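The block underneath contains the structure these notes are about, expressed in structure tokens.
The first residue in the sequence is number 1, and the count goes up from there. A quick note: this is a predicted structure, and the numbers were derived from the prediction, not measured.
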Amino acid sequence: MLYIRSALFNALFYLNTIVIMILGLPLLATNRHSVFFLCKIWGKSTLWLLDKICGTKAEFRGLENIPKGSLIIAPKHQSVWETFALEMFFTDYSIILKRQLMFIPLFGWYLKRAELIAIDRASGKSALEQIIQQAKKLLPQGRQLFCFPEGTRRPPGAKPRYKIGIAQIYVETGMPCLPIAMNSGLFWARRSFVRRPGTIVVEFLPVIPPGLSREEFFTRLQNDIEEASNRLMAEAIAKDPSLAELMVKED
């Protein structure tokens with residue numbers, strides 16, 4: 001039954017995504033805020049499908065920690081799930097993503113209209129310089145910047161691999177940073193079509209204020225996110241011990 005429900009959800013997930021993109025085509029002639037509006041519809045409808053079909057619910061904690069105005073948003077990245085679920089809580093943002101996504105038909109058009117920051121990961125230092133330059137332009141406008149500290153999805157329990165780049169962005173822009181912990185990878189694992197029942201918990205942690213050194217910020221960010229994410233994963237496993245088999249022992 002788990003596989004049947006997962007297959008049904010995945011089919012409806014892609015169908016829902018395509019329908020929203022087709023119906024929203026006229027909005028591409030407006031502005032980025034119209035794209036953000038569609039993203040909220042996409043996120044809410046996907047969470048609804050996930051709940052009704054797979055029994056996978058979502059709980060968001062620490063909403064009082066989300067400040068208004070410009071900031072760097074630093075989520076733990078375990079799954080595709082957070083790429084659509086977190087955007088519902090922010091109004092005017094940009095996301096750092098790989099340039100290849102811009103070339104996906106329809107989907108890429110929306111990414112461009114949303115004025116996101118697309119980079120070539122292979123370009124190394126120049127990519128970071130590009131991010132910082134664009135961040136310095138958009139953050140003073142009151143926008144928020146999504147930056148996944150590890151750069152790519154990491155399975156639950158895997159050794160963290162935080163990139164120093166986010167610390168450089170923090171120092172160069174002088175903006176506060178909102179760390180976000182979660183256990184999404186236990187329910188929507190990377191490279192798997194299975195969607196497990198249970199509750200994905202997201203926790204918005206206290207904001208890290210500007211003014212720390214690069215090394216102080218980097219250490220605090222990693223400690224805050226990892227400690228909270230480990231706690232949330234342990235909480236989920238205590239409720240459903242079968243989830244423990246999804247934890248990576250060595251990486």
Cluster check [X], [Y]: I/L/V/M/F/W/Y, side chain < 4.5 angstrom:
X	Y	value
Y3	L243	no
L63	V201	no
L38	F90	yes
I180	L232	no
L12	Y14	yes

Mind checking the [atom1]-[atom2] spacing from [X] to [Y]? Nearest 0.5 Å is all I need.
X	Y	atom1	atom2	value
L178	L145	CG	CG	12.0 Å
E245	L186	CD	CG	10.5 Å
K137	I132	NZ	CD1	13.5 Å
F36	D92	CZ	CG	5.0 Å
R195	T56	CZ	OG1	9.0 Å
I18	L23	CD1	CG	12.0 Å

Enumerate donor-acceptor pairs with a distance under 3.5 Å from any side-chain N or O in residues 102-118 to protein atoms, sequence neighbours excluded.
| from | atom 1 | to | atom 2 | distance (Å) |
| --- | --- | --- | --- | --- |
| Y110 | OH | M21 | O | 2.4 |
| Y110 | OH | G24 | O | 3.3 |
| Y110 | OH | L25 | N | 3.1 |
| R113 | NE | L28 | O | 2.9 |
| R113 | NH2 | T30 | O | 2.3 |
| E115 | OE1 | R32 | NH1 | 3.2 |

Provide the closest heavy-atom pair for [X] versus [Y] in the form atom of the first, atom of the second, distance.
X	Y	result
G69	L71	O-CD2, 3.2 Å
S70	P140	OG-N, 4.4 Å
T173	A135	CG2-CB, 4.0 Å
L221	C177	CD1-SG, 4.1 Å
I20	W42	CD1-CA, 3.7 Å
L205	A228	CD2-CB, 3.8 Å

Carefully, step by step, assess I237 and L246 under the rule side-chain contact (heavy atoms from CB on, under 4.5 Å). CA-CA 10 Å; I237 292 171; L246 301 176; over 6 Å; no

No-hydrogen, no-angle side-chain donor-acceptor test under 3.5 Å, [X] and [Y]:
X	Y	answer
S184	E82	yes
Q168	E172	yes
E129	S126	no

I'd like to check [X] versus [Y] (side-chain heavy atoms, cut-off strictly below 4.5 Å). Are they in contact?
X	Y	value
Q144	T91	yes
R99	I119	no
P197	C54	no
M247	P156	yes
D240	R196	no
M182	P75	yes

Where the side chain of R190 meets the backbone of R153, is there a donor-acceptor pair that is under 3.5 Å apart?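 Yes, R190 side chain to R153 backbone: donor-acceptor pair under 3.5 Å.
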
Compute the centroid of each ring, for F218 and then for Y170, and state whether the two points are separated by less than 6.0 Å.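 No - the distance between ring centres of F218 and Y170 does not fall below the 6.0 Å cut-off.
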
Looking only at the aromatic ring of each residue, does the gap between the centers of F60 and F89 stay below 6.0 angstrom?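 Yes, the ring centres sit under 6.0 Å apart.
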
Apply the ring pair (Phe, Tyr, Trp, His ring centres under 6.0 Å) test between W188 and each candidate in F193, W81, F84; give the one that qualifies.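 Output: one option passes, namely F84.
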
Salt bridge K57-E59, side-chain N to carboxylate O under 4.0 Å: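 Not counted as a salt bridge, because no side-chain N and carboxylate O are separated by less than 4.0 Å.
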
How far apart are the C-alpha atoms of R143 and L138, what are their side-chain angles, what is the distance that settles it, and do they pass the side-chain contact (heavy atoms from CB on, under 4.5 Å) test? CA-CA 6 Å; R143 301 182 67 184; L138 69 89; 3.9 Å; yes

Can you check salt bridge (Lys or Arg N to Asp or Glu O under 4.0 Å) on R154 and E226, steps first, answer last? CA-CA 12 Å; R154 300 283 293 151; E226 290 304 307; over 6 Å; no

Step by step, would you call F204 with L86 a side-chain contact (heavy atoms from CB on, under 4.5 Å)? CA-CA 10 Å; F204 297 93; L86 296 181; 4.3 Å; yes

Pair E150, T152 - check side-chain contact (heavy atoms from CB on, under 4.5 Å), show working. CA-CA 6 Å; E150 293 175 280; T152 189; 5.8 Å; no

